[in-house]
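Here is how names work: the chains are called A, B, and so on, in the same order as the sequence lines, proteins then strands, and each is numbered from 1.
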Amino acid sequence: MSERRTVAVTGMGVVSPIGTSVEEFGQALFSCRSGAGPITRFDPGELPTRIAAEVRTLPFHYRDVKIDFALHAARQAMSQAFGPGILPGKVRAGLSIGLGLELFSMDDLTRLRSPAFERPKSRQDALTFLNTPSDLCVHLIAREHGLNRPPQIHISACAAGTDAIGGAWRAISEGKLDVALAGGTDSMINPMGVAGFCRITAMTTRNDEPHRASRPFDRDRAGFLLGEGAAFLVLEERESALRRGARILATISGFGGSLDGYSVSDPHPEGAGALAAMLEALRAAGLSPEDISAVSAHGTGTPKNDPVESTAIRALLGERAMEVPVMSTKSMIGHCISAAGAIESVASIISLREQRIHPTLNLDEPAPDCQLRHVRGAPLSIPLKHILKNSFGFGGMNACIVISKESP
Amino acid sequence: MDPRPERQPSRTLSALHVIGLGSVIRGAGDDSPLDVAPCLRDRKALKFMAKQDKLAVIAANAAVAASGLGAAELDRDTGIYFAVGTLPFENEPLDLLHRNSVDDSGTRFDLKRFSTAAFNAMNPLLTFKCLPNMPVFHVSYQLGMHGPYFVTYPGPGQWFAALERAFADLETGRVRFALVGAVADQRNPLVEHHARRTGIPESSLADAACVLVLTRGAHATQTPRALLAGIEVSYDPLDPFAETRAPGALSSPVDPVLAIARMIESRTPGNYRMSDGTGLVGSLTVEVPSA
């Protein structure tokens with residue numbers, strides 16, 4: 001196997017419930033702001049969960065808002081990396097994206113079955129009537145930015161965003177791509193999305209206190225809070241980026257992935273799959289657990305994920321388990337499903353650049369089986385070199401990347 | 001300035017050995033049941049399985065059986081690389097949701113009724129049956145696979161992306177074997193609706209899955225069924241809102257792998273090329289060793 005190339009991050013973009021630019025998002029993280037509130041996107045009626053973390057400050061042009069999220073975040077990232085305009089044609093550039101479920105409209109279903117139904121006339125209306133293919137944004141982004149290599153579309157649920165970054169990292173480090181735009185986009189804040197998660201009792205029902213509802217690792221956690229958004233990183237080979245005068249924001253050092261093969265909804269009780277993914281990521285980075293400065297946890301706030309992830313992190317870190325700080329960005333922005341890993345990676349890069357970790361909100365008392373060095377109450381300033389970013393999806397899909405501080 | 005990016009020359013990959021293959025298909029008018037039970041090591045999982053999951057497990061099971069891979073190889077030495085089709089939605093849950101979500105006139109969606117009557121009538125298992133990564137879960141669970149994965153969607157071009165990804169993992173030694181497959185449940189109202197609006201003939205829709213077990217020559221312990229050589233994938237993104245469907249473009253991610261499997265099974269070597277209507281073009285050569 002030929003030597004891997006170092007992969008640099010030269011651009012970032014984010015759309016989240018607490019900010020629709022990297023600067024705004026970063027400020028909100030360290031101001032400990034929650035993006036949670038009552039659902040306003042539709043009337044949740046008497047659904048058990050009537051709160052979410054919505055993006056409220058972006059105009060929407062598409063019925064499926066995750067298209068808007070993706071286009072906006074992609075533009076930010078590409079603009080930061082390359083400035084305005086399209087990439088030169090000779091650059092081998094590809095999109096690697098985590099995507100969520102197709103948007104399904106109950107409203108349209110009813111219209112379709114009513115006697116007065118008239119077929120949509122325009123192609124855009126036809127393509128977004130009843131259900132919207134999730135890959136529409138893939139081709140829109142590729143055309144807009146000159147991404148001319150086959151896209152990698154990842155649909156590994158909650159692991160998809162991290163898988164997308166990991167897949168892009170591999171393509172760049174193995175010399176198959178010159179540039180990758182990697183990230184994810186998702187929104188399930190719609191009647192079917194919310195109802196589906198409610199029906200399997202996966203979500204918090206703390207409707208009277210939205211800002212207190214997302215409680216990763218807390219003794220009183222009772223399910224995740226749904227979020228939404230998008231984030232992208234521009235990845236390129238580090239030496240090539242330096243030669244063209246690009247600003248290096250961070251490096252992606254390694255990626256690992258594994259399958260639990262255990263249960264459709266529950267993680268392996270000993271975190272075997274999670275541990276395998278973390279170990280593979282570190283091996284790929286040429287690092288050992290002693291090199292980890294912090295962990296950006298998957299940290300959903302569900303009864304099952306948090307103790308299993310804690311077990312896996314403790315097994316990984318050994319004696320350092322109570323020394324390495326852990327954060328859960330989901331405590332502020334909710335669970336953004338296929339975009340989660342990407343948005344949380346942006347948070348990790350901001351942490352590396354500012355050398356501080358944001359706290360996990362609402363962690364009043366860590367559960368007995370979730371004992372780690374949680375950052376609570378206020379941001380923690382600490383030397384940071386390598387952050388481990390975890391994402392674990394339904395169906396036992398585990399993805400982990402190592403994000404490293406750029407050496408001066 | 002023409003906003004369309006310059007078409008890149010495709011990248012050619014070297015040969016892969018096919019050591020097993022399996023497929024299942026239910027085309028138009030074929031409503032014979034899918035008997036997945038013999039493939040299950042844990043039958044409790046059956047209640048979580050949608051049609052798509054059953055198709056994937058049947059095909060993967062057959063491919064692995066033909067390959068001779070055992071539990072030790074499947075555990076962490078084999079990766080799974082799957083392309084899944086457009087999200088299906090069967091008549092029964094659609095009818096149930098609709099019936100319990102309309103107002104008294106029967107013509108308008110009533111969110112309050114949805115949040116009560118439809119919600120309470122909804123089978124909780126529907127959530128798991130909707131997730132597009134579930135076929136890979138069920139295959140990995142039933143076959144005891146814990147290694148790398150790549151699951152993608154929705155069309156034929158993405159199967160070639162899965163093939164590229166498998167090749168990369170085999171080339172770097174991340175895995176020694178790869179299950180590279182595709183599955184699509186197309187005979188249902190939602191996919192039929194998508195076919196109508198994109199110009200795909202409804203007569204071509206099928207419920208199908210096909211899986212190849214691949215390795216590189218260094219790990220092959222038997223004469224391969226076939227070699228896949230000269231794998232090329234290129235992309236010239238089309239505007240999804242402006243372009244009409246390219247003639248001859250395929251619709252299901254299973255189409256290319258099924259076509260390749262048929263070439264192998266009939267011992268018909270040759271070139272295979274496909275385009276999928278989004279700007280992705282994939283091609284390869286199938287070589288069949290002498291009997």
Open item on the list: With chain A as the partner, which of B:M145, B:R196, B:H138, B:R113 has the greatest number of non-hydrogen pairs under 4.5 Å?
Closed with: B:M145

Open item on the list: Under a 4.5 Å cutoff for heavy-atom pairs, which residue among B:I80, B:L94, B:D42, B:V136 has the most contacts with chain A?
Closed with: B:L94

- [ ] Side chain from CB out, backbone as N, CA, C, O: work out which of these in B:H193 comes under 4.5 Å of a heavy atom of chain A, or both, or neither.
- [x] side chain

Task: B:V180 and its side-chain contact (heavy atoms from CB on, under 4.5 Å) partner, picked from B:F82, B:F167, B:W159 - done: B:W159

Open item on the list: Working to the nearest 0.5 angstrom, can you tell me the gap between A:R143 CZ and B:D239 CG?
Closed with: 4.5 Å

TODO: Give the member of A:G100, A:C198, A:P115 that has the highest number of heavy-atom pairs under 4.5 Å with chain B.
DONE: A:C198

Open item on the list: If you count heavy-atom pairs within less than 4.5 Å of chain A, which of B:P154, B:S101, B:G279 leads?
Closed with: B:P154

- [ ] Please list, chain by chain and in numerical order, all residues satisfying side-chain hydrogen bond (donor to acceptor under 3.5 Å, both in side chains) with B:T278, sequence neighbours excluded.
- [x] B:D276

Task: Under 4.5 Å from a heavy atom of chain B, the part of A:P44 involved - done: backbone

Task: Proximity breakdown for B:F160 and chain A, heavy-atom pairs closer than 4.5 Å - done: neither

Open item on the list: Ring centroids only, cut at 6.0 angstrom: are A:F117 and A:F129 within range, meaning strictly under it?
Closed with: yes

Task: Pairwise distance CG(B:N188) to NE2(B:H194) - rounded to 0.5 angstrom - done: 11.5 Å

Task: Interchain contact, B:D103 with chain A, by part (heavy-atom threshold 4.5 Å) - done: neither

Task: Backbone of B:M122 reached by a side-chain donor or acceptor of A:R199 within 3.5 Å - done: yes

Task: Under 4.5 Å from a heavy atom of chain A, the part of B:T127 involved - done: side chain

TODO: Assess whether salt bridge (Lys or Arg N to Asp or Glu O under 4.0 Å) is satisfied between B:D95 and A:R113, documenting all intermediate values.
DONE: CA-CA 10 Å; B:D95 289 343; A:R113 293 183 173 202; 2.7 Å; yes

Open item on the list: Only pairs of heavy atoms separated by less than 4.5 Å count here; which of A:G94, A:S263, A:A160, A:S265 has the most with chain B?
Closed with: A:S263

Open item on the list: Shorter than 4.5 Å, heavy atoms on both sides: which option in B:L97, B:L143, B:L126 has the most such pairs with chain A?
Closed with: B:L97

- [ ] Sort out for me which of B:T86, B:L131, B:D110, B:L190 touches chain A most, counting heavy-atom pairs under 4.5 Å.
- [x] B:L190

Task: Heavy-atom pairs under 4.5 Å with chain B, option from A:L127, A:V194, A:D43, A:D108 with the top count - done: A:L127

Open item on the list: Please classify the contact of B:V139 with chain A as side chain, backbone, both or neither, using a heavy-atom distance under 4.5 Å.
Closed with: neither

Open item on the list: Is A:L101 in contact with chain B via its backbone, its side chain, both, or neither, using a 4.5 Å heavy-atom distance?
Closed with: side chain

Open item on the list: Which one wins on heavy-atom pair count under 4.5 Å against chain B: A:A284, A:G393, A:P133, A:G45?
Closed with: A:P133

- [ ] Indicate whether the side chain of A:N398 and that of A:S258 have a donor and an acceptor atom separated by less than 3.5 Å.
- [x] yes

Open item on the list: Can you tell me which portion of B:L280 sits under 4.5 Å from chain A's heavy atoms? Options are side chain, backbone, both or neither.
Closed with: side chain

Open item on the list: At a heavy-atom distance under 4.5 Å, which candidate from A:A157, A:G395, A:G396 has the highest pair count against chain B?
Closed with: A:G395

TODO: Sequence neighbours left out, what passes side chain to side chain contact (heavy atoms under 4.5 Å, CB included) with A:E46? Give chain and number order.
DONE: B:K112, B:S115, B:T116

- [ ] Return the orientation label for the B:F48 and B:F128 ring planes: parallel under 30°, perpendicular over 60°, tilted otherwise.
- [x] perpendicular

Task: Contact class of B:F119 relative to chain A, heavy atoms under 4.5 angstrom - done: both

Open item on the list: Would you say A:H154 and B:Y149 are linked by a side-chain donor-acceptor pair, where the criterion is simply a distance under 3.5 Å?
Closed with: no

Task: Salt bridge A:E280-B:R76, side-chain N to carboxylate O under 4.0 Å - done: no

Task: Region of A:P151 in contact with chain B, defined by heavy-atom distances below 4.5 Å - done: both

Task: Contact class of A:A276 relative to chain B, heavy atoms under 4.5 angstrom - done: side chain

Open item on the list: Need one label for A:S114: side chain, backbone, both or neither, based on atoms under 4.5 Å from any heavy atom in chain B.
Closed with: side chain

Open item on the list: Taking atom CD as the centre, does B:E192 end up with more than 12 heavy-atom neighbours from other residues, nucleotides or ligands that are less than 6.0 angstrom away?
Closed with: yes

- [ ] Heavy-atom pairs under 4.5 Å with chain B are the metric here; pick the option from A:N131, A:I200, A:L99 that has the most.
- [x] A:N131

- [ ] Examine whether an atom of A:V138 lies under 4.5 Å from a heavy atom of chain B, and if so say whether it belongs to the side chain, the backbone or both; otherwise answer neither.
- [x] both

Open item on the list: If you count heavy-atom pairs within less than 4.5 Å of chain A, which of B:G147, B:A161, B:S140 leads?
Closed with: B:G147

Open item on the list: What I want to check is whether the side chains of B:Y81 and B:D169 have a donor and an acceptor closer together than 3.5 Å.
Closed with: yes

TODO: Please state whether the side chain, the backbone, both or neither of A:A399 comes within less than 4.5 Å of a heavy atom of chain B.
DONE: both

- [ ] Under 4.5 Å heavy-atom distance to chain B, tell me which part of A:D260 shows up: side chain, backbone, both or neither.
- [x] backbone

- [ ] Mind checking the OG1-CG spacing from B:T78 to B:L170? Nearest 0.5 Å is all I need.
- [x] 9.5 Å

- [ ] Pick one of side chain, backbone, both or neither for B:R108, based on which atoms fall under 4.5 Å of a heavy atom in chain A.
- [x] backbone

Open item on the list: Is B:F150 in contact with chain A via its backbone, its side chain, both, or neither, using a 4.5 Å heavy-atom distance?
Closed with: side chain

- [ ] Look at atom CG of B:D104 and say whether more than 12 heavy atoms of other residues, nucleotides or ligands are closer to it than 6.0 Å.
- [x] no

Task: Steps toward side-chain contact (heavy atoms from CB on, under 4.5 Å) verdict (B:E90, B:D185) - done: CA-CA 9 Å; B:E90 308 293 345; B:D185 168 359; 2.4 Å; yes

